[in-house]
Student: 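This is the structure, below, for whatever I ask next.
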Amino acid sequence: MTPSLDAQPVLPLLPVEVGRLPHAVLQMLTQEGLPWQVRGSAPATRFLLWDSRRERPQPRPGQRLLDIGPLLDALPRDVLADRDCSRPTQWQLGNWTLCEQTARHDRRAVRRRFATRLRTLLEEAGGVWLAVSPYPAPYRSWFGFRLDHDCYRADDFAAVLRAIRGQEHAVSHYVNADGYSQAADALWALRGWHVGSHGYWHHTYRSVKENLYNLRRGIEWLQRAGHAPVGCVAPHGRYHHGLAEALRQLGVDHSSEFALAWDELPFFPAGSPVLQVPVHPVCLGLALEAAARKGAGEEELQRAAEITAEHFVRLIHQRHQAGEPLILYGHPDGRLGRYPYVLRRALDSAAALTGCWMAHLAEISSWWRARQGVRLQVEGRPGGCLVRAVSLPERYAIGCVVRRGTAQARVVLRSSLTEVRWDELSFEPEARAQPQGLVVRGGPCRRSWRDRLRACLDWERVTPLGELRGGGIRGWAKRTLRRIGA
Ligand SMILES: [Zn+2]
């Protein structure tokens, strides 16, 4: 006989317990900041999320089972598996068609859809959505600019340093060692700022062995130049197992590849302790390339730079308004160094926003790890709830976001015990950022069979022939073709 509800213990509303769920789902819960715990790892709580396709758990007394199997059916397989799923993507900016090889799916949109459906399930079952904010209190978004220093040009380098003056703390520098091999002294100008590696040779290889060699060499080169790099970003933004495993073995703190994710909150890919901090994949270089494809002169190139600056500023305001983060990226050589006002305008626009955290990628990684260590327990109270917090970091203030329907409110946790009364919260409409430009698949950005063959062979000419280390048929074919001068 089922005991009456009155006899059931009243369990905490949060964290939710989770059964056997895919890693990507747990990462989405973490990104959202919804407290969760693995079933059996701590005393039971009110709601157990489970997947009816994989198991049939027994609820504890006072616990409710929420089957999220149907929600998982709607998730793209590539996202669930953190697989290399990049493909040509196209943005339309003014008259220019910009092409880039990016992740097939907009992971941010996938996550937000999943979270909305999960919240509805929870609310219908009498639960609450109280999540740790993605930003340290009192911020409501963050902004940073990532610079990929592919090669050194003195004038461009100097122009970029002038453009970031006063906002250096929001700029991340990733340096390619080969491109700066004759200009290591110039890097002294970056002392005290966040400097990471962009590889030794400017290529992301298919094999673990080659990436391991290339990234380690790039890191050691930076160390000899007096820097202490903790992050690496892969040349061309590519991401696959050969890169992920090399980053893991090197103990890299964070990485950032738009072939895995773009415009998204940070997350740990499956099996990796290397934090992925996604960027926006549209850069000035893409706009200049698009203009050059049409044989544009200097005036048109100026126009392309102007349109990129407008795109950046629009995006900065839109993301901030929606409470979402943004990391832009670009290259000093021949691009931002030539049109430095694009960089300056972006930094000035973000810095002028109230509540926008200006931070570089290492700082964001440090924050994200501290945030992930916070443990919350939420108990229901008449007209509100009681939040117990453990492991609050000393360095950052923790805020929470309460979501209900299409509204949200913020609460700052000032101690390990916080009483929340629903009628004292200031709810505001929840805004969502829409993608800027038009994301289109295929069209003029479609890859030719030559491009596919090159990708298959891991084709490139930046690595000297004598240093090619790839094994198997791919390595042999690449070396042979390079030797005969293909
Ligand atoms: Zn690069």
Side-chain angles (χ1 to χ4, degrees), residues 86 88-89 98-103 144-153 156-157 159-160 164 171-184 186-187 190 193-206 210-211 213-219 221-222 225 227 229 231-240 242-244 246-247 250 252 254-262 276-290 292 308 327-340 342-343 360-361 451 454-455 458-464:
S86 62
T89 305
L98 278 52
C99 304
E100 185 55 278
Q101 186 81 10
T102 72
F145 213 113
R146 183 186 112 192
L147 293 176
D148 290 6
H149 294 266
D150 286 357
C151 71
Y152 179 69
R153 290 189 196 174
D156 290 348
F157 187 75
V160 158
I164 65 174
V171 180
S172 309
H173 302 268
Y174 293 90
V175 182
N176 179 258
D178 176 44
Y180 273 68
S181 60
Q182 304 303 312
L187 293 183
L190 305 183
W193 304 345
H194 169 47
V195 176
S197 175
H198 194 36
Y200 190 91
W201 302 114
H202 193 262
H203 184 66
T204 301
Y205 302 85
R206 298 294 307 185
E210 288 170 290
N211 283 317
Y213 178 75
N214 189 47
L215 295 177
R216 180 181 286 133
R217 198 173 167 195
I219 290 168
W221 182 86
L222 271 176
H227 294 278
C232 279
V233 301
H236 307 297
R238 289 182 192 148
Y239 187 90
H240 42 64
L243 173 78
L247 291 169
L250 288 168
V252 167
H254 64 270
S255 174
S256 178
E257 284 75 38
F258 43 71
L260 177 66
W262 40 274
Q276 183 68 209
V277 188
V279 296
H280 180 63
V282 170
C283 68
L284 172 61
L286 288 186
L288 296 177
E289 273 172 27
T308 306
I327 308 280
L328 295 173
Y329 100 106
H331 311 80
D333 54 288
R335 291 159 275 185
L336 290 169
R338 198 166 161 200
Y339 304 98
V342 177
L343 177 57
H360 56 64
L361 267 66
D451 295 332
R454 284 193 189 106
D458 199 10
W459 186 250
E460 44 90 19
R461 290 179 185 280
V462 298
T463 315

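Numbering starts at 1 and runs along the sequence shown. Just so you know, ligand 1 is whichever comes first in the structure, and atom 1 is the first atom listed for that ligand.
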Student: Can you tell me if an N/O/S atom from H202 lies under 2.8 Å from the Zn ion (ligand 1)?
Tutor: yes
Student: Parallel under 30°, tilted from 30 to 60°, perpendicular over 60°: which one fits the rings of H194 and Y174?
Tutor: perpendicular
Student: Quick check on side-chain hydrogen bond (donor to acceptor under 3.5 Å, both in side chains): which of N214, T463, D458 does H203 satisfy it with?
Tutor: D458
Student: Relative to the Zn ion (ligand 1), which of the N, O or S atoms in D150 is the closest?
Tutor: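 In D150, the N, O or S atom with the shortest distance to the Zn ion (ligand 1) is OD1.
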Student: Is it true that some N/O/S atom of H198, main chain or side chain, lies under 2.8 Å from the Zn ion (ligand 1)?
Tutor: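 True for H198.
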Student: Step through it carefully: locate the ring centre of H198, locate the ring centre of H173, and say whether they are under 6.0 Å apart.
Tutor: no
Student: Would you say D148 has an N, O or S atom lying under 2.8 Å from the Zn ion (ligand 1)?
Tutor: no
Student: Would you check if the side chain of S256 reaches a backbone N or O of V277 as a donor-acceptor pair within less than 3.5 Å?
Tutor: yes
